Amino acid sequence: MIKLKSFGIMAVILSLAMIQFTSCKETSRENPLLEESTLPFGVPDFSKIKTTDYLPAFEAAIQQKRAEIDSIINNTDSATFENTILALEESGKTLDRVSNIFFALVSADKTSEIGEIEKKVKPLLTELENDILFNKQLFERIKTVYDNEFETLQGEDKKLLEETYKEFVRKGALLSEDKMARMKEINMRISELQTQWGDMLTAATNDAVVWVDKKEDLAGLSEADIAQCAKDAENRGKKAPYAIVIVNTTQQQPLASLDNRELRKKVYEASVHRADGTGAYNTFPIVVEVAKLRAEQAELMGDPNYATYSLKNTMAKTPENVYSFLKNLISQYKPKADAQTKAIEEYARKTMGDDFELQPYDRFYYSAKMKKEQLDINDDEVKPYFNVDSVLINGVFFAANKVYGLTFKERTDIPVYNPDMKVYEVIDKDGKTKAIFYRDYFRRPTKRGGAWMSSFAKQSTLRNQIPLIYNVCNNAKAPDGQPSLLTWDEVCTMFHEFGHGLHGILSDCQYNRLSGTAVARDFVEMPSQFNESFAAIPEVFDNFARHYKTGEPMPADLKEKMLKSINFHTAYALGENLAATCVDLAWHMLSSKEIPTAENAQAFETEALTKIGLLDAQIPPRYSTSYFNHVWGGGYAAGYYSYLWTEVLAVNIADIFAKKGALKPETGQEFREKILSRGNTDDLMKMFTDFTGMKSPDPSPLLKARGL
């Protein structure tokens with residue numbers, strides 16, 4: 001615990017603490033995590049880091065940060081921006097380095113050893129955070145600076161002070177002693193529960209694999225997909241010759257192709273029931289406890305529910321604003337979704353009989369057949385043109401070069417944590433190194449589901465640090481000697497995650513706390529969703545959509561059909577997102593006394609969707625409560641709406657690019673200067689207005705952009 005002491009006594013204690021920290025470094029000199037990397041650009045040296053290095057590194061780095069915080073608290077000089085706010089910003093650099101590296105592995109390569117270390121580390125970090133956020137002496141210094149200097153500071157200094165002060169207040173620095181003590185307990189318990197959630201969901205998803213004994217049961221899949229099923233079976237213990245791996249979302253890609261209806265049903269049910277207690281795993285007890293604790297957090301802060309508390313720090317501001325936005329979309333979406341469902345069922349009845357009832361595991365299958373019949377195209381025809389390396393180099397990187405002037409040089413000398421990774425030096429148009437970019441695209445049992453961007457180090461001119469950015473996806477890695485081919489959705493995901501990457505790569509901020517993606521959830525998804533728009537721009541598309549064998553571009557007729565098919569039956573994608581969003585909000589609009597029991601959790605989801613008009617067996621939520629990692633394991637609680645909210649921003653910005661010339665460097669430079677480089681250094685709506693000229697976002701083009 002950090003305690004107030006007289007400065008003389010504290011000086012002795014600090015000296016001893018620093019001697020102890022130095023001694024720790026002396027006796028563990030080979031621990032590469034405790035020293036700045038000597039490799040180019042300060043990249044992590046994964047060739048030297050051992051799993052056994054992490055725990056002692058955390059212990060030493062936490063001790064160092066405590067000493068740094070104590071030195072701020074016990075400074076006898078009056079509190080100023082430099083000796084308090086700036087000192088706080090600069091504290092914990094060693095801990096930042098250790099945490100950034102370790103938690104990258106927790107998400108992307110979580111071995112049993114890493115998992116055990118996580119269980120020990122999370123409580124230490126939560127305790128440290130509690131001790132800092134609820135330290136009265138530290139907050140008094142911060143408040144003194146806020147009261148005395150806020151009006152006179154300018155630019156990033158003013159914003160850093162504002163964000164620091166507001167975070168302490170928002171986390172409970174003004175609470176009474178008893179409420180503060182309870183908030184500490186809640187923070188610690190949520191941290192424990194989220195670790196349990198991550199472990200259980202990963203195990204549940206891996207356990208949900210559907211095993212297949214006979215190749216003929218896989219009829220409808222391409223030979224490449226069947227080979228992938230064989231490889232997935234081998235990678236997971238080969239309980240049968242073939243395995244259909246379950247991914248993080250409700251719907252599963254093979255459902256569009258599998259002729260065997262019983263197998264389709266088995267795959268779908270494995271997905272939706274992976275963690276609801278019908279099998280070996282049940283996350284509902286974790287869900288309801290986290291939901292109740294979050295509601296109690298909000299109540300301690302004087303708010304009726306967690307959504308109200310959480311949304312204050314966003315563009316949307318209130319749950320009412322979010323619901324108004326969603327209900328407008330739902331009213332326009334619902335008739336189109338019902339019409340598409342009816343059309344698919346009527347199509348299926350042509351071959352299956354008038355009494356055939358379309359099930360959720362049938363929808364993708366018959367929709368794909370309709371697309372083939374009406375547009376003469378299916379995914380297997382286009383996948384040979386979407387080789388993962390070509391999409392990245394000739395698509396994602398090509399667009400970034402055209403728009404922002406960036407070039408990419410592969411670096412085989414930089415160590416990685418998994419051999420499937422590749423590393424690129426990002427060079428700016430002035431010839432200087434701008435960032436390092438890592439790609440980790442292939443799924444494995446130690447990687448959680450989904451796709452994401454993060455960093456080993458964020459950009460900061462104060463720290464003289466360039467950004468070390470990584471993208472992670474869960475694409476299937478083809479058997480040796482075969483190309484790893486993508487669906488169009490996976491192509492868009494690569495562009496999406498690199499949009500986040502650009503937000504980090506192009507950051508030009510003084511302070512680590514404000515740089516890159518350190519913005520509200522309902523703004524952070526905008527650069528990524530906007531970057532998806534480049535995938536379909538003809539000059540970009542023609543450059544990456546080349547046959548993996550011949551290198552020939554996609555034929556004009558196939559390209560026309562493919563691009564036209566993007567908006568075929570698109571109501572589903574919008575509907576599953578709306579449903580997931582409303583499930584998230586429903587849970588976080590409850591008071592602590594209203595949280596249902598674990599036994600009633602699924603029924604609560606059903607009731608919530610019924611009330612909002614989105615209960616639809618044909619279009620279930622993209623993530624159901626029991627496997628909604630964004631909400632229970634990640635940082636999107638009461639914030640999943642941000643994907644739709646920021647899609648509006650992205651469409652508005654894409655319209656500006658289209659008018660000015662989508663690939664014009666001048667437009668890219670303006671976007672870079674006014675938004676991508678700015679991090680959280682200014683008001684987010686002001687940034688949007690500065691670039692678009694719009695006083696507020698215009699949601700009207702959204703449905704049109706989705707083909708609805």
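Because the structure is predicted, anything quoted here is derived from the model rather than measured.
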> When you look at CD of E167, are more than 12 heavy atoms from neighbouring residues, nucleotides or ligands closer to it than 6.0 Å?
yes
> Regarding E234 and K238, does a basic nitrogen lie under 4.0 Å from an acidic carboxylate oxygen?
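Salt bridge flag = no for K238 with E234.
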> Ignoring hydrogens and geometry, is there a side-chain-to-backbone donor-acceptor pair from K231 to A478 under 3.5 Å?
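Checked: pair present.
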> Could you report the tightest heavy-atom contact between C229 and I244, atom names first, then the distance?
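Of all heavy-atom pairs spanning C229 and I244, the closest is SG-CG1, 4.2 Å.
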> Test your reading of the model: is there a side-chain donor-acceptor pair from E425 to the backbone of E410, 3.5 Å cut-off?
no
> Has N464 got more than 12 heavy atoms of other residues, nucleotides or ligands less than 6.0 Å from its CG?
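Atom CG in N464 is not crowded, with 12 or fewer foreign heavy atoms closer than 6.0 Å.
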> Under the side-chain contact (heavy atoms from CB on, under 4.5 Å) test against F134, which residue among D131, N130, I132 passes?
N130
> Between Y511 and D157, do the side chains contain a donor N or O and an acceptor N or O under 3.5 Å apart?
yes
> State the CD-CD distance between Q63 and E68, to the nearest 0.5 angstrom.
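Between atom CD of Q63 and atom CD of E68 there are 11.0 Å.
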> Please answer whether the main-chain N or O of A291 pairs with a side-chain N or O of W632 as donor and acceptor at a distance below 3.5 Å.
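Pair absent, no side-chain N/O of W632 close to backbone of A291.
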> So, F46 versus F456, ring centres under 6.0 angstrom or not?
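Centroid distance F46-F456: below 6.0 Å, so yes.
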> One thing to verify: whether K458 and D96 come together as a salt bridge, which I'm taking to mean a side-chain N less than 4.0 angstrom from a carboxylate O.
no
> How long is the straight-line distance from NZ of K447 back to CG of N206, given to the nearest 0.5 Å?
12.5 Å
> Would you confirm whether the ring centroid of F168 sits within less than 6.0 angstrom of the ring centroid of Y165?
no
> Does R182 pair with E185 as a salt bridge, N-O distance under 4.0 Å?
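Yes, this pair counts.
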> Using only heavy-atom distances, determine whether the side chains of T646 and D522 contain a donor-acceptor pair under 3.5 Å.
no
> Among N475, V472, V391, exactly one meets side-chain contact (heavy atoms from CB on, under 4.5 Å) together with Y441. Which residue is that?
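Checked N475, V472, V391 against Y441; only one passes side-chain contact (heavy atoms from CB on, under 4.5 Å): N475.
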> Give a yes or no on whether the ring-centroid distance for F628 and Y623 is below 6.0 angstrom.
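Between F628 and Y623, the centre distance is under 6.0 Å.
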> Among N387, D389, V388, find the one that has a side-chain contact (heavy atoms from CB on, under 4.5 Å) with S484.
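Result: among N387, D389, V388, V388 is the only option passing the side-chain contact (heavy atoms from CB on, under 4.5 Å) with S484.
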> How long is the span from the OG atom in S107 to the CZ atom in R448, to the nearest 0.5 Å?
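One finds 4.5 Å between OG of S107 and CZ of R448.
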> Is a donor on one side and an acceptor on the other found under 3.5 Å between the side chain of S191 and the backbone of N187?
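Such a contact is absent between S191 side chain and N187 backbone.
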> Between the side chain of N471 and the main-chain N/O of E497, is any donor-acceptor distance below 3.5 Å?
yes
> Is R97 reaching over with its side chain to a backbone N or O of L33, donor-acceptor style, under 3.5 angstrom?
yes
> Check the surroundings of atom NZ in K292: do more than 12 heavy atoms from other residues, nucleotides or ligands lie under 6.0 Å from it?
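For K292, atom NZ is not crowded (no more than 12 foreign heavy atoms under 6.0 Å).
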> Are R189 and E192 ion-paired here, with the side-chain N under 4.0 Å from a carboxylate O?
yes
> So, does S91 use its side chain to make a donor-acceptor pair with the main chain of K65 at under 3.5 Å?
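A pair under 3.5 Å: no.
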> Can a donor-acceptor pair be found, under 3.5 Å and without considering hydrogens, that links the side chain of T126 to the backbone of P123?
no
> Please determine, by modelled atom types, if T94 and Q64 share a side-chain donor-acceptor pair under 3.5 angstrom.
yes
> Is R439 close enough and on-axis enough to Y424, meaning under 6.0 Å and within 45°, for cation-pi?
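R439 over Y424 ring: no.
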> What is the distance from atom CG of L160 to atom OG1 of T164, rounded to the nearest 0.5 Å?
4.0 Å
> Would you say the rings of F408 and F437 are close, in the sense that their centroids are separated by under 6.0 Å?
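Judged by ring-centre distance (under 6.0 Å), F437 and F408 do not meet the cut-off.
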> Any sub-3.5 Å donor-acceptor pair from S507's side-chain atoms to G504's backbone N or O?
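No, because the side chain of S507 does not come within donor-acceptor range (under 3.5 Å) of the backbone of G504.
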> How far does OH of Y438 sit from CZ of R411, to the nearest 0.5 angstrom?
10.0 Å
> Taking Y404's backbone N and O only, do any of them form a donor-acceptor pair with R672's side chain (distance below 3.5 Å, no angle check)?
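Yes, the answer is positive, given that a donor and an acceptor are paired below the 3.5 Å cut-off.
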> So does R444 pair up with D109, basic N to acidic O under 4.0 Å?
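Judged by the 4.0 Å cut-off on N to carboxylate O distance, R444 and D109 do form a salt bridge.
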> Taking the basic N atoms (NZ, or NE/NH1/NH2) and the acidic carboxylate oxygens, is any pair closer than 4.0 Å for D53 and K48?
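K48 and D53: not salt-bridged.
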> To the nearest 0.5 angstrom, please state how far the CD1 atom of I117 sits from the CZ atom of F58.
9.0 Å
> Can you check side chain to side chain contact (heavy atoms under 4.5 Å, CB included) on N248 and N629, steps first, answer last?
CA-CA 8 Å; N248 60 320; N629 188 61; over 6 Å; no
